[in-house]
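Following: one structure in structure tokens, then a few remarks.
Computed from heavy atoms alone, side chains included, the values below leave out hydrogens, waters and symmetry copies. Whatever order the structure lists ligands and atoms in, that order sets their numbers, starting from 1.
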Amino acid sequence: MKDYKLDTLCVQAGYSPKTGESRIPGICQSTTFFYGDSQAMADCFDLKSDGYFYSRLSNPTVSAFENRVAALEDGVCAIGCSSGMSATTLATLTVAGVGDNVLISQACYGGTFNLFGTTLPKVGIECRFFNPDDSAENIEKLIDDRTKFILAETVANPAIVILDFDKISAIAKKHSLLFIVDNTLATPVLCRPKKFGANIVIHSSSKYLDGHAAALGGMIVDLGNFNFKGNPRYASFNVPDESYHGLVYADLPVAFGTKCRAQMIRDIGAIMAPMNAYISYLGCDTLALRMERHSSNAKKVAAYLHNHPKIEWVKHASLPDNKYHALAEKYLPNGQGGMMSFGIKGDVKTCAKFMESLKLITQETHVADVRSSVLHPASTTHRQLSAEDLVKAGVPENLVRLSVGIENPDDIIADLDQALAKI
Ligand SMILES: *Cc1c(COP(=O)(O)O)cnc(C)c1O
């Protein structure tokens with residue numbers, strides 16, 4: 001399966017039925033699994049055989065989706081989580097504890113920013129935010145011997161910053177540090193972070209992987225290319241885990257993925273539900289086709305907005321004068337996805353008038369599904385901030401976030417055009 005191209009993997013990878021079994025994975029809505037023989041069950045508990053015994057640890061429907069995403073990212077193992085946020089949390093707790101620190105791009109998704117800025121510090125994990133546009137020297141200054149990983153997004157939501165993989169992976173390699181990439185908005189169809197030095201990939205599958213705004217989910221993918229053995233930074237991988245029969249994770253072929261499931265999934269249990277795995281698995285069938293269309297539609301919409309007299313600025317890496325255009329050509333040559341933001345000439349009231357005038361494009365908090373949607377942060381998610389604080393947060397009051405769907409591009413542009421004519 002590994003040798004197939006990505007669009008083939010989107011439809012074929014993850015599950016192969018045996019004779020007489022259902023062609024697509026069934027929804028295995030069961031907490032537990034039958035064993036007639038106690039030795040067989042004991043072998044599962046000891047990780048000696050990989051059968052299912054309790055759905056908090058693994059479930060056949062969830063496995064199908066995990067295997068599919070692992071294949072798409074060219075990883076060795078994937079772990080389904082209840083949401084993108086729980087995936088980030090569980091990946092962090094797999095390596096970090098009290099007194100440790102992590103480096104997070106300050107352009108990250110707002111939820112990620114809150115998790116690292118507010119919640120994880122409460123349990124003793126210090127977060128050091130870095131500006132992804134800063135020099136390698138400055139970013140490196142934040143690293144010490146308690147640093148556990150560097151995390152950034154391939155395409156940052158909603159700042160639309162494109163990750164400079166070579167810069168970050170060189171820093172990570174130099175310090176034998178894990179490099180974790182949130183690949184939610186690019187998806188493996190547009191960029192496979194493993195090719196550019198990432199060790200772990202995280203997804204909010206609630207976005208493009210599902211693609212239909214139907215199921216929340218998250219995924220942690222172990223790319224199998226990081227050596228924990230003997231690395232003093234990762235002592236917990238190099239000593240026996242007494243809670244798991246003295247297993248030394250660094251000795252296993254899949255160190256991170258096994259530790260994450262055996263400890264974090266077992267103890268915290270923020271797992272993906274079988275129904276959500278089933279929906280997301282089906283969504284992935286069309287992922288390659290959808291990403292192509294999201295990208296080509298967004299490119300047309302960005303070019304249209306760029307030339308509109310009532311628009312002050314547009315951020316999408318397809319635009320030749322975009323700050324990240326060169327990085328996008330290097331890392332996302334086949335398209336940059338459907339997410340963009342733009343500034344309307346005017347204030348909050350002008351933006352509200354524009355938003356209310358849209359007929360096809362709807363106002364939503366969600367992004368990255370088949371239907372085009374907009375959000376005006378200054379009057380919704382960020383409404384408590386003053387105009388000055390909005391600028392500091394990188395969301396000026398005239399910023400509109402647009403997630404371009406897969407409708408006919410002429411209809412999307414016509415809707416924007418008639419709404420812009422009303423302001
Ligand atoms: C939405 C999102 C998340 C959080 O995912 P949920 O599934 O909503 O928990 C994390 N990272 C990025 C880039 C996202 O867009």
Taking non-hydrogen atoms within less than 4.0 Å of ligand 1, which protein residues qualify?
Ser83, Gly84, Met85, Tyr109, Glu153, Asn157, Asp182, Thr184, Ser204, Ser206, Lys207, Leu216, Gly217

Going from CD1 on Ile344 to CG on Leu399, what distance comes out if it is rounded to the nearest 0.5 angstrom?
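Those atoms lie 9.5 Å apart.
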
For Asp347, salt bridge (Lys or Arg N to Asp or Glu O under 4.0 Å) partners two or more places apart:
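Asp347: no salt bridge (Lys or Arg N to Asp or Glu O under 4.0 Å) contacts found.
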
Report yes if the distance between the aromatic ring centroids of Phe113 and Phe129 is under 6.0 Å, otherwise no.
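Here the rings of Phe129 and Phe113 have centres that are less than 6.0 Å from each other.
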
Quick one: are Thr362 and Arg371 in side-chain contact, heavy atoms under 4.5 Å?
no

With a 4.5 Å heavy-atom cut-off, do Leu178 and Phe256 have their side chains touching?
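Yes. Closest side-chain heavy atoms under 4.5 Å.
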
When you compare the side chains of His316 and Ser318, does any donor N or O come within less than 3.5 Å of an acceptor on the partner?
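Checked: His316/Ser318 side chains pair up, N/O donor to acceptor below 3.5 Å.
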
